[in-house]
Amino acid sequence: MAEEGLVHVPIDLYRFDPATDKAPRYQRFELDLAPHTPVLTALLKIREMDPSVTLRYSCRSAICGSCAMIVNSKSRLACQTPVGPELEAHGRIVIDPMRNLPVIRDLVVEMTGFWGHYKKLQPHLIPDPHHPLPEGRESPMSPAQVEMFKETPRCIACGSCYSACPAVEADPEFPGPMALAKLYRFVVDPRDGARRDRLLRIQPGGLWLCLRCHLCTESCPKDVEPSQRIRDLKEMAIQLQGATENGSRHAVGFKENIRERGTLNELKLVRQTYMPLDMLARIPQGLRMARRKPEFIRTPPKIAGLDEVEKLYQILDDAPREGT
Amino acid sequence: MQRHDVVVVGAGLAGQRAALAAVEAGCDVAIVSKLHPLRSHSGAAQGGINAAVGKEDSVDTHIYDTVKGSDYLGDQDAIEFFCREAGPTVVEMEHFGTIFSRADDGSLARRPFGGAGFPRTIYAADRTGLALLQALYERLGTESFTLYEEWDLTNILVHDGRAQGIVAFDRRHGDFAAIAAKSVVVATGPAGRIYGRTTNAHSCTGDGIAAAYDAGAPLKDMEFVQFHPTALLESSILITEGARGEGGILKNASGEAFMVRYAPHVKDLASRDVVSRAIWTEVKEGRGFPGRYVHLELMHLGRERIESRLQEICDFCRTFAGIDPVTQPIPVMPAQHYMMGGISTNIHGETPIPGLFAAGEAACVSIHGANRLGGNSLLETLVFGKEAGLAAARHVAKAPTPVLADADLERETAQIRAMSDRKDGEEPQRLRTEMQSTMDQLVGIYRLPEELAEALRRIRALKERYRAVRIVDQSKVYNLNLTDALETGHMLELAETIIVGAIARTESRGAHTRVDFPKRDDARWMKHTLATQGPDGPVLSYAPVAYTRWEPKERVY
């Protein structure tokens, strides 16, 4: 029995040392802890029992971003995650290294890929040569302009979002939520002169691979909301350039498509999304779909009450847009 | 062997600023850091950075406040230089891209801070360190330099009286390497983890300070340890002075706003040493809450102001203490926060050893003297980081090519091999825990001679036991147990310098409060302590304080 006020916490810890282990394994540790004890504190107690347990940690106050890991299947900062609720929900605490990044040892992962995407986005202020920053004094910036950054200045680059992102898993070329949130931070910076270049450069293969699943936002320990900022970037990219990428053409096409009939005209959406050459490459896929799902090539009838749909579109068109 | 013109150890604000200055001066620069630069403890600084840029404020007032805050132990020439550089430094960081909080007219917003005559602290919500660290890292990223990431410093190599490079341990691959450099800049931050109750990150183990001390550099004013008045009760997580700057009030168990009795004029915004002693006294005399703490109240500020200006604090309190500062008081007690002391340097970051430089909290110029003002440490990292980088670059132009011997590396690896080969011995973490409880109990805010003597006895016993320290983990890959051992060794050396300095200084000044000598004694003690490593522990000597315009007066807040 655990001491009064303490709970018995079984922890299954991912262990892997490439020098000695053929495959990863879980090691069980049992601790008696107060329910509000952070997972990091539990891990440091485990290190006192077994100093070979390896993890990154430093500030223990959710500001250095070192201790991101998977706690019961979710990307979390260990220092910010109390053991009590985890125990209640799962009966034990299973700790794994972050996903989408190769394991170096135990919970320590190789983050070069993560940082590489961030560096590729030119994450530094590029002042407009035509509007240099005022000499000897600060650039003026209103509190409203500071608000434009949203929560992106809070990002501590812990990698939780990158670990949670299925688009990163599917395509390692996808920059990932953190890098895109950082891009947003520069795009909305009134001191930055490269807004246009940044938006143009990120489109092919970057921005439009986001699946809008919001797992990044759910996993972010600092409420940076990367998925919302990616959405903002998409809107800004379309406003700047129109729908020029398959991704943006799909988004704009989808909207217009539904407006016409109140339901999706799938064959038309294909034409709205892909450029002619891309369409040719997709003919075999189209034929397969037509065979399996014949309604795919039929134009659907307009739905009843289409005027109501149009009213909704009018409201949306008139509504002010956030983040643009 | 790797070779560079300049090796900067530590990648926080001071280290990065030094590296930037040296790169811009045309040097081949390497940064060696045990953390990724964005993980540095600079990022945990909350409240702000001081610069007298307001119309009603003046550089002279900033100088005076800093001199007074230092309890007249700060070097006035250094403080004058420091405060003059403040405005340009903040503007430069703004131009690098720092997202500061703004006033309605678009200028940099400022908040009042402890010990300051005017609202002088420029801030980015309550994450000013993070904002600066991001901007500087991003600016430095446009330059070319070599980063040795997650390398532990083990030694600074001094031959023929000059620094010639370092030895460091590559965690990832498990190898020691010597890195030759004409200039070595130490910017490894503080050693707060000597204490158990500290606001400092786990990484703050004073590696660079200890290595410089071991290499023969004198440490200055190590006995002056700042206790921040408001740390969360159990975790010792920092609650920024900005919370009181925004109007937060300390109250004891009977609901009394007690600071008026200790600092009738500025109350909760007195200097940190004053507020910490006040809280300690309240608790000691039975006016604290059961569990020995006081309350910091923010509720009267209103949800909007608390959540916008103290956003991280809200998160900390909700996550780490389970309380909501919008509706509940925050339970706080003082905790170790800052080391005024460090590697003795002049205003150019130069140590007495040619080729060895230091900046930031690892260094002691001294501008903070016996007590640092809030908002002055972020400024220090940038002003003196740049100075050290420039001085390091100047030294490169005139220094001969460094010569390192194979023996330098062999000595290091043999020592570690001995630790790993031991079948039984001392666990580094156990030694660390005993050191921390010793310092917490016996070398705190109020210091008694018999307690200091007992602390010294215990730390020396721990140093003796450390000779048999054992590394259990046998892996070559990311061996943290080896890091544990290295860090513990560093901290034990530094703990001894703090205690020896505190025993010798028979007066009370700033953060150093001797119960048996409650008064400041300018006639005997207006001087800096210098500790140099000797065969039987630290050897003390003293150096004069530099004066310009400000005569010592009694400090009243």
Side-chain angles (χ1 to χ4, degrees), chain A residues 17-20 36 38 41 44 47-48 50-66 79-82 104-106 108 110-111 115 119 122-125 127 133-134 136-143 145-146 149 152-157 185-186 189 191-192 222-223, chain B residues 35-36 38-41 43-44 53 88 90-91 94-97 99-109 124-125 127 129-131 134-135 138-139 141-142 172 201-203 235 237-238 311-312 315-316 319-320 322 427-430 433 471-481 484:
Chain A
D17 181 349
T20 49
H36 67 272
T41 306
L44 297 184
R47 283 204 73 233
E48 285 170 18
D50 181 349
S52 73
V53 168
T54 307
L55 69 150
R56 288 194 180 103
Y57 64 98
S58 182
C59 77
R60 61 76 171 87
S61 59
I63 201 72
C64 78
S66 299
C79 70
Q80 208 190 25
T81 309
I104 294 174
R105 182 181 173 189
D106 293 351
V108 176
E110 173 61 74
M111 295 192 74
W115 295 120
K119 291 214 172 102
Q122 293 196 295
H124 55 89
L125 204 62
L133 302 177
R137 58 175 303 251
E138 75 269 29
S139 337
M141 196 190 291
S142 67
Q145 282 174 310
V146 176
F149 293 105
T152 56
R154 296 188 73 193
C155 175
I156 55 172
R185 170 253 172 277
F186 285 102
D189 194 319
R191 299 166 294 186
D192 195 79
K222 306 303 282 187
D223 298 329
Chain B
L35 299 172
H36 183 281
L38 286 175
R39 312 262 182 254
S40 304
H41 190 51
V53 294
V90 169
V91 167
E94 196 279 322
H95 287 191
F96 284 175
I99 302 169
F100 285 112
S101 297
R102 299 293 179 136
D104 288 340
D105 66 357
S107 65
L108 301 173
R127 48 172 176 274
L130 182 68
Q134 287 173 346
E138 288 160 0
R139 170 67 185 83
T142 65
R172 174 73 189 273
H202 287 281
S203 57
S235 58
I237 288 171
L238 174 67
Q311 189 178 22
E312 304 296 332
D315 267 17
F316 291 160
T319 308
F320 299 110
E427 299 264 348
Q429 279 158 315
R430 166 166 295 184
T433 309
I471 298 168
V472 178
D473 187 1
Q474 297 293 321
S475 178
K476 283 271 279 179
V477 185
Y478 216 96
N479 189 326
L480 269 195
N481 195 204
D484 292 334

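Scope of the values below: all heavy atoms of this structure, side chains included, with no hydrogens, waters or symmetry mates.
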**Student:** With a 4.5 angstrom heavy-atom cut-off, which part of B:Ile471 approaches chain A: side chain, backbone, both or neither?
**Tutor:** neither
**Student:** Distance-only, no hydrogens or angles: does the A:Arg185 side chain make a donor-acceptor pair with backbone N or O of A:Pro153 under 3.5 Å?
**Tutor:**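 Checked: no pair found.
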**Student:** Hey, can you tell me if A:Trp115 and B:His36 have their rings parallel, tilted or perpendicular (30° and 60° cut-offs)?
**Tutor:**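 A:Trp115 and B:His36: parallel rings.
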**Student:** Is chain A contacted by the side chain of B:Phe316, its backbone, both, or neither, given a heavy-atom distance below 4.5 Å?
**Tutor:** side chain
**Student:** Tell me if a side-chain donor or acceptor on B:Asn481 pairs with a main-chain N or O of B:Asp473 at a distance below 3.5 Å.
**Tutor:**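 Present.
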**Student:** With a 4.5 Å cut-off on heavy-atom pairs, point out which of A:Gly65, A:Ser142, A:Ser139, A:Ser52 contacts chain B the most.
**Tutor:** A:Ser139
**Student:** Using modelled atom types only, decide if a donor and an acceptor are shared between the side chain of B:Ser475 and the backbone of B:Val477 within a distance under 3.5 Å.
**Tutor:**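 Flag set: sc B:Ser475 to bb B:Val477 pair under 3.5 Å.
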**Student:** How close do A:Thr54 and A:Asp106 get, heavy atom to heavy atom, and via which atoms?
**Tutor:**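 Closest approach of A:Thr54 to A:Asp106, heavy atoms only: N-OD2, 3.0 Å.
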**Student:** Taking every non-hydrogen pair under 4.5 Å, which of B:Thr142, B:Val472, B:Val90 racks up the most with chain A?
**Tutor:** B:Thr142
**Student:** For the atom pair CG (B:Asp315) and CZ (A:Arg154), what is the distance rounded to the nearest 0.5 Å?
**Tutor:** 4.5 Å
**Student:** Where does B:Asp104 contact chain A at under 4.5 Å (heavy atoms): side chain, backbone, both or neither?
**Tutor:**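 Contact with chain A involves both backbone and side-chain atoms of B:Asp104.
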**Student:** Of the backbone (N, CA, C, O) and the side chain (C-beta and beyond), which part of B:Ala131 lies under 4.5 Å from a heavy atom of chain A, both, or neither?
**Tutor:**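 It is neither, since no heavy atom gets under 4.5 Å.
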**Student:** For B:Leu108, is it the side chain, the backbone, both or neither that has a heavy atom under 4.5 Å from a heavy atom of chain A?
**Tutor:**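 It is both, since atoms from each part get that close.
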**Student:** Does A:Lys222 reach the main-chain N or O of A:Ala62 with its side chain, forming a donor-acceptor pair under 3.5 Å?
**Tutor:**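 Side chain of A:Lys222 to backbone of A:Ala62: a pair is present.
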**Student:** With chain A as the partner, which of B:Gly97, B:Pro88, B:Ala124, B:Ala109 has the greatest number of non-hydrogen pairs under 4.5 Å?
**Tutor:** B:Gly97
**Student:** Which atoms of B:Ala125 are under 4.5 Å from chain A, going by heavy atoms: the side chain, the backbone, both sets, or neither?
**Tutor:**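 Interface part for B:Ala125: neither.
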**Student:** B:Gln474 versus chain A, heavy atoms under 4.5 Å apart: side chain, backbone, both or neither?
**Tutor:** neither
**Student:** Let me know if B:Arg39 has heavy atoms under 4.5 Å from chain A in its side chain, its backbone, both or neither.
**Tutor:** both
**Student:** If you count heavy-atom pairs under 4.5 Å between each of A:Asp223, A:Asp17, A:Asp50, A:Thr20 and chain B, which one has the most?
**Tutor:**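 The answer is A:Asp17.
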**Student:** Is B:Arg430 in contact with chain A via its backbone, its side chain, both, or neither, using a 4.5 Å heavy-atom distance?
**Tutor:** neither
**Student:** Look only at the side chain of B:His41 and the backbone of B:His202, and say whether a donor-acceptor pair between them is shorter than 3.5 Å.
**Tutor:** no
**Student:** Has the side chain of B:Gln134 got a donor or acceptor atom that lies under 3.5 Å from a matching backbone atom of A:Cys155?
**Tutor:**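 Checking the backbone N and O of A:Cys155 against the side chain of B:Gln134, a donor-acceptor pair under 3.5 Å is found.
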**Student:** Would A:Arg105 and B:Tyr478 count as a cation-pi pair here, with the cationic atom under 6.0 angstrom from the ring centre and within 45° of the axis?
**Tutor:**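 The answer is no; the distance or angle limit is not met.
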**Student:** Counting distance only, does the side-chain N/O of A:Arg56 pair as donor-acceptor with the main-chain N or O of A:Ser66 below 3.5 Å?
**Tutor:**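 Checking the backbone N and O of A:Ser66 against the side chain of A:Arg56, no donor-acceptor pair under 3.5 Å is found.
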**Student:** Of all of A:Met141, A:Met111, A:His124, A:Gln122, which one pairs up most often with chain B through heavy atoms under 4.5 Å apart?
**Tutor:** A:Met141
**Student:** Measure distances from A:Pro18 to the heavy atoms of chain B and classify the residue's part below 4.5 Å as side chain, backbone, both or neither.
**Tutor:**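 Only the side chain of A:Pro18 comes within 4.5 Å of chain B.
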**Student:** Which of the residues B:Gly106, B:Gly43, B:Ser107 is involved in the greatest number of heavy-atom pairs with chain A at under 4.5 angstrom?
**Tutor:**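 Most heavy-atom pairs within the cutoff with chain A belong to B:Gly106.
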**Student:** For B:His95 and A:Glu138, which heavy atoms make the closest approach, and how far apart are they?
**Tutor:**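 Closest approach of B:His95 to A:Glu138: NE2-CA, 4.2 Å.
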**Student:** B:Thr319 versus chain A, heavy atoms under 4.5 Å apart: side chain, backbone, both or neither?
**Tutor:**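 Only the side chain of B:Thr319 comes within 4.5 Å of chain A.
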**Student:** Measure B:Asp105 against the heavy atoms of chain A and call it side chain, backbone, both or neither at under 4.5 Å.
**Tutor:** neither
**Student:** Measure A:Arg60 against the heavy atoms of chain B and call it side chain, backbone, both or neither at under 4.5 Å.
**Tutor:**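 Both backbone and side chain of A:Arg60 come within 4.5 Å of chain B.
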**Student:** Please classify the contact between A:Ser58 and chain B as side chain, backbone, both or neither, with a heavy-atom cut-off of under 4.5 Å.
**Tutor:**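 Both backbone and side chain.
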**Student:** Please look at B:Ser203 and chain A and tell me whether the side chain, the backbone, both or neither of the residue comes under 4.5 angstrom of a heavy atom of that chain.
**Tutor:**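 Backbone plus side chain of B:Ser203, per the 4.5 Å heavy-atom cut-off to chain A.
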**Student:** Using every non-hydrogen atom in the two residues, find where B:Ser40 and B:Leu35 come nearest and quote the distance to one decimal.
**Tutor:**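 Looking at all heavy atoms of both residues, the shortest contact is CA-CD1, 4.0 Å.
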